[in-house]
Every structure is written in C-alpha cells, then in structure tokens.
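Structure record follows, encoded as structure tokens.
Here is how names work: the chains are called A, B, and so on, in the same order as the sequence lines, proteins then strands, and each is numbered from 1.
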Number of protein chains: 2
Amino acid sequence: MQTENLSQRTAETLRAQILEEKKYRPGEKLPNENELAESLGISRTTLREAIRTLASEGLLEVRRGRGTFVAGELDRVAAESVNMQELVRMQVTLRDLYEARMIFEPQAAALACKRATDEEIERILALGAECQRQLQIDPRGKNRIASESAFHGAIIKAAHNDFLSQFMPTLTQTIEQTFALNYNLDVIAEDAYKDHILIMDFLKKRDARGVKSAVTVHLHHAVQHEQISFEEL
Amino acid sequence: MQTENLSQRTAETLRAQILEEKKYRPGEKLPNENELAESLGISRTTLREAIRTLASEGLLEVRRGRGTFVAGELDRVAAESVNMQELVRMQVTLRDLYEARMIFEPQAAALACKRATDEEIERILALGAECQRQLQIDPRGKNRIASESAFHGAIIKAAHNDFLSQFMPTLTQTIEQTFALNYNLDVIAEDAYKDHILIMDFLKKRDARGVKSAVTVHLHHAVQHEQISFEEL
DNA sequence: ATTCTAATAGTTGTCATACAACTATTATAG
DNA sequence: CTATAATAGTTGTATGACAACTATTAGAAT
C-alpha cells in the first residue's frame with residue numbers, strides 16, 4: 001500500500017526521527033530547509049508541506065528567519081490530543097468507546113442534577129418532551145436522533161464542567177458515526193421512551209443517584225443489541 | 001499583530017469559508033488549486049501549504065487526480081479532537097479537569113482489577129514498590145513523579161480499554177503541566193504512601209470495589225491542598 | 001449493441017529556481 | 001561605548017514546468 005504521497009511519508013519519517021529515534025530533541029533546531037531537503041533527497045517544497053503537517057500537530061514550531069524547532073516537552077504534551085480519527089484508525093473497539101461513555105455519562109448526569117439552574121432543568125425537560133414526541137412520530141427519523149442528542153447534550157452541559165462539555169459530544173458522535181448502521185432503532189424506541197420518563201422524573205426531584213442509575217440503564221438499553229457485555233462496576 | 005504568515009492566514013480564511021460562511025459544503029469539491037490560488041490572489045505553493053494544514057486537521061481531504069474535498073459531516077465529527085492545548089487556552093479550570101479524572105480513573109482501576117493478567121498485576125506491584133522507594137528517598141524528586149505516573153499508567157493500561165489508555169495519560173499530563181508548580185509534594189507524600197499500600201492490597205485480592213475506593217481516596221488526597229471541593233458522586 | 005482499450009482532459013504531486021522578508025550577529029561610524 | 005548599518009542565515013512566496021494519478025470519452029474489436 002504505497003498510497004501515501006511523499007510529503008506525508010516525509011512527515012512520518014520526521015515524526016519517527018523525533019519521537020522514536022530521538023534524532024532531534026525537544027527544543028532543538030532542525031537543519032535549515034535546504035539542507036534537510038537535500039539530506040532527505042526531496043525538494044524543499046515537499047519538505048515544507050511535511051513540516052506544515054507536523055507544525056499543525058504541534059510537534060514542530062516554525063519561526064521565520066530563525067529556523068524550525070522541535071516543540072518543547074511541555075508544549076508537546078499539550079499537543080497530544082485525543083484524536084477521534086486516530087482512534088478509529090487504530091481500531092478502538094466499540095466496546096471501548098461505549099465503556100468510556102458508560103463511565104462518565106451517568107456521572108455527568110448526576111453532577112447536572114446538583115448543579116443545574118432551574119432554567120436549565122426546565123430546558124432539559126422541554127427537550128425531553130420533544131424527544132418523546134419524536135419517538136412516537138418516527139422512531140427511525142433523523143429528528144428523533146437529533147432531539148435525543150440535544151436532550152443528552154443539555155444534561156451534560158448542565159453539569160457545568162467545560163471539559164466534559166467539550167469532550168462528551170465528540171465521544172458520542174464518534175460512537176454514532178462508527179456504528180449508526182447496525183443500530184436497531186425500533187427495538188430501542190420502547191425502552192428509550194420509558195427511560196426518558198425515569199431520567200426526567202429524577203431530574204425534577206434532583207435525585208442525583210436516581211438520575212445516575214437511570215442514565216446507566218438507558219445506555220445499557222441502547223447498547224444491548226450490539227452484543228457487547230459489560231462488567232459490573 | 002500581523003504576525004502570521006500568508007499560508008496560515010489562508011488556512012484560516014478557508015476554514016471560515018467552510019465552517020462559517022458555508023461557501024463549501026461537506027463533501028463538496030473545492031475549485032482546483034490553480035483556480036483557487038488565483039481567486040485568492042496567492043501562489044499555488046502557498047495555497048497548498050494552507051490545504052496541508054486543513055487536511056491535517058481533517059477538515060479537507062485531498063484525493064490525487066480527483067480534487068480536494070470538504071470532509072463529509074461524519075468525517076468532520078471524527079476530526080473534532082479533544083485538544084488539550086485548546087482546553088488550556090479556553091481556560092478550562094483545574095477543577096473541571098480533576099473532576100474528569102476523578103470520574104475516570106477509579107473506574108478504570110476497577111476494570112483493571114478484573115481484566116489484568118497475572119503478569120500485569122505483578123508488574124503493577126513492582127512499579128508500586130519502586131514508587132514507595134522513591135517516596136522515601138526524595139518525595140519531591142523527578143523520579144518520584146515519574147514512578148508515580150508509571151504506576152498509575154500501568155493500572156490504566158491493565159483495564160484493557162484502548163480508548164482509556166490513550167485518553168488518561170493526556171488528561172493527567174495536562175493536569176500536571178497546568179499546575180505542577182503549586183503542588184505541595186511533601187504534604188502529599190505521607191498520604192500517598194498509605195494510599196499506595198491500599199491500592200496494591202486490593203489489586204492483589206482483585207477487589208474491584210476496594211481498588212476503586214482506594215484510588216478515589218488517593219486522588220482526593222492529591223487534590224485536597226488545591227482547595228477544590230468536589231461534590232459527592 | 002457491447003465490451004474492451006486507448007486517448008484525453010482534469011487534477012494533485014513534485015521539482016528547481018529565484019527572490020522577498022524577517023532575525024540575529026557582526027562590523028562600522030560617530 | 002553606543003547607535004547604526006551591513007551581512008549572513010533562515011523561512012516565506014511566487015512561477016513555471018512536468019510527472020503521476022483518476023475519470024471520462026471516443027473508438028475499435030467482438
């Protein structure tokens with residue numbers, strides 16, 4: 001599979017030289033572009049495209065008039081992102097992703113229960129009601145899925161944790177993207193309807209433990225058709 | 001602050017045209033490089049560097065011989081990564097990050113308890129012992145911190161969840177990076193020593209709930225000097 | 001008519017070269 | 001000794017050319 005182009009292959013070569021071979025240390029200056037290109041046996045144009053890729057990843061830092069440098073260790077750490085694309089490529093299993101979701105979504109819901117403002121609770125309930133309506137109209141429709149995400153999203157948001165707020169949608173969307181196909185929406189619909197009632201009830205009462213359990217159950221329902229088994233936690 | 005170079009400014013222009021102006025829709029093909037460069041009033045070289053940046057972010061997909069395309073909606077979602085650098089920039093608070101850690105790490109430890117091979121348990125115990133040694137030698141030394149990370153990391157890894165294995169180190173390193181400074185290592189050391197014993201004991205017995213609680217306590221000890229208060233979960 | 005093949009148009013990939021623009025150092029003038 | 005100018009080193013941008021790949025189209029063979 002010689003499908004990748006030269007500039008991308010070069011980017012990988014450099015990445016390996018930095019990260020694995022440690023040919024260039026954090027903070028160290030790379031040879032200038034002309035030298036480096038020649039030593040790699042490629043044109044400067046191609047090298048520059050490779051450098052752009054690595055700079056965009058945060059591994060390199062290009063300073064005009066001075067040179068190109070390997071990012072310092074701290075910056076490098078910060079650059080290590082959780083890239084969903086990567087995860088898909090490295091074949092992280094659905095089980096792993098769902099497991100992660102099952103760990104933190106119920107907890108986030110519990111937090112929401114304690115931290116949500118009254119307005120937020122109202123909004124969540126409204127979204128939940130809309131969700132129930134969509135479930136009855138067309139359990140397989142796009143609107144149903146959208147309203148469900150909105151419902152879940154509003155709950156997460158009410159947890160008032162910026163990290164979770166940003167992280168959660170990425171995870172759930174990745175899950176949906178990867179496996180939206182073999183999802184049996186009809187079967188799930190009945191369970192979902194009842195689950196939502198539970199979740200909303202507990203939210204109204206601000207019963208954190210109740211919400212947490214209800215969300216856990218809800219996620220189990222959503223996943224039980226995937227023949228994934230989860231351990232007790 | 002006209003500091004950014006033209007190719008990067010062009011990347012931002014294109015990003016805005018796609019994300020905000022919606023001039024190009026998901027899946028849509030961009031004009032070819034010659035036309036686009038001309039219409040932007042820049043050289044093809046510069047445009048290509050901008051495209052590399054966006055392609056590396058996952059927003060564009062370049063197909064040789066066919067053209068350059070805006071990533072489909074699904075792919076785009078996958079490209080949305082949780083970038084720690086971003087999070088730091090948007091001032092996600094330490095509390096948020098730690099809260100996330102407190103949600104994930106104890107559960108991960110519990111999973112490890114059930115899924116670790118005997119060899120993994122052995123290795124974790126060895127790392128734990130090393131950690132204890134370092135704690136006595138020099139509670140503030142670099143080695144102590146490194147061995148502690150190794151210990152925690154090995155536990156996470158034993159959970160056999162590829163997602164968590166990639167995600168947790170990023171989270172913990174970000175936390176450490178952000179506030180390694182105002183860490184009172186001396187005070188923590190005593191607690192840590194006892195916590196480690198607990199954690200290792202429960203691991204040996206493969207008591208998942210025990211480990212989970214012990215890790216929770218450990219994290220609370222690590223954070224209690226930061227004057228962050230956490231809700232009950 | 002159908003299928004295979006070859007030509008072709010459209011596109012990205014790579015190269016070589018030149019010069020502009022910026023940065024840091026060194027040499028020079030005052 | 002200081003301020004300024006020259007200079008060397010480096011990245012940034014532009015141009016033009018051609019290679020390599022993809023999809024379509026035209027044409028030939030069946």
Reading DNA chain C 5' to 3', which nucleotide is the first, and which the last, to come under 4.0 Å of any heavy atom in chain B? C:dG10 to C:dT14
When the nearest nucleotide of DNA chain C is assigned to A:Ser7 and to A:Gly65 on a heavy-atom basis, which residue is associated with the more 5' position? A:Ser7
Residue whose nearest DNA chain C nucleotide is more 5′ - B:Lys29 or B:Thr45: B:Lys29
N/O (side chain, B:Thr46) to phosphate O (OP1/OP2, D:dA14) under 4.0 Å: yes
B:Ser43 side-chain N/O to D:dA14 phosphate OP1/OP2 under 4.0 Å: yes
[X] [atom1] - [N] [atom2] separation (whole Å):
X: B:Gln8; N: D:dT11; atom1: CD; atom2: P; value: 15 Å
X: A:Arg48; N: D:dA14; atom1: CZ; atom2: P; value: 11 Å
X: B:Ile42; N: D:dT15; atom1: CD1; atom2: C1'; value: 14 Å
X: B:Glu49; N: D:dT13; atom1: CD; atom2: P; value: 7 Å
X: A:Arg52; N: D:dT11; atom1: CZ; atom2: P; value: 11 Å

Hey, are [Y] and [X] close enough side-chain-wise for a donor-acceptor pair under 3.5 Å?
X: B:Glu105; Y: B:His218; value: no
X: B:Gln132; Y: B:Gln136; value: no
X: A:Gln8; Y: A:Glu12; value: no

When all nucleic acid strands are considered with a 4.0 Å heavy-atom cut-off, which category describes B:Arg63: base, sugar-phosphate, or nothing? sugar-phosphate
Base, sugar-phosphate, or nothing for A:Arg64, non-hydrogen atoms under 4.0 angstrom? base
Note, B:Glu99 side chain near A:Leu111 side chain (heavy atom, < 4.5 Å): yes
Using heavy-atom distances to pick each residue's nearest nucleotide on DNA chain D, tell me which of B:Arg66 and A:Glu35 is more 5'. A:Glu35
Can you name the ring-ring contact (aromatic ring centres under 6.0 Å, His included) partners of A:Phe151, sequence neighbours left out? A:His196
Approximate separation, where rounding is to 0.5 Å, of A:Leu47 CG and A:Leu14 CG: 6.5 Å
Please round to the nearest 0.5 Å and tell me the distance separating atom CG of B:Leu171 and atom CZ of A:Phe167. 9.0 Å
Any N/O donor-acceptor pair, B:Arg44 side-chain to D:dG16 base, under 3.5 Å: no
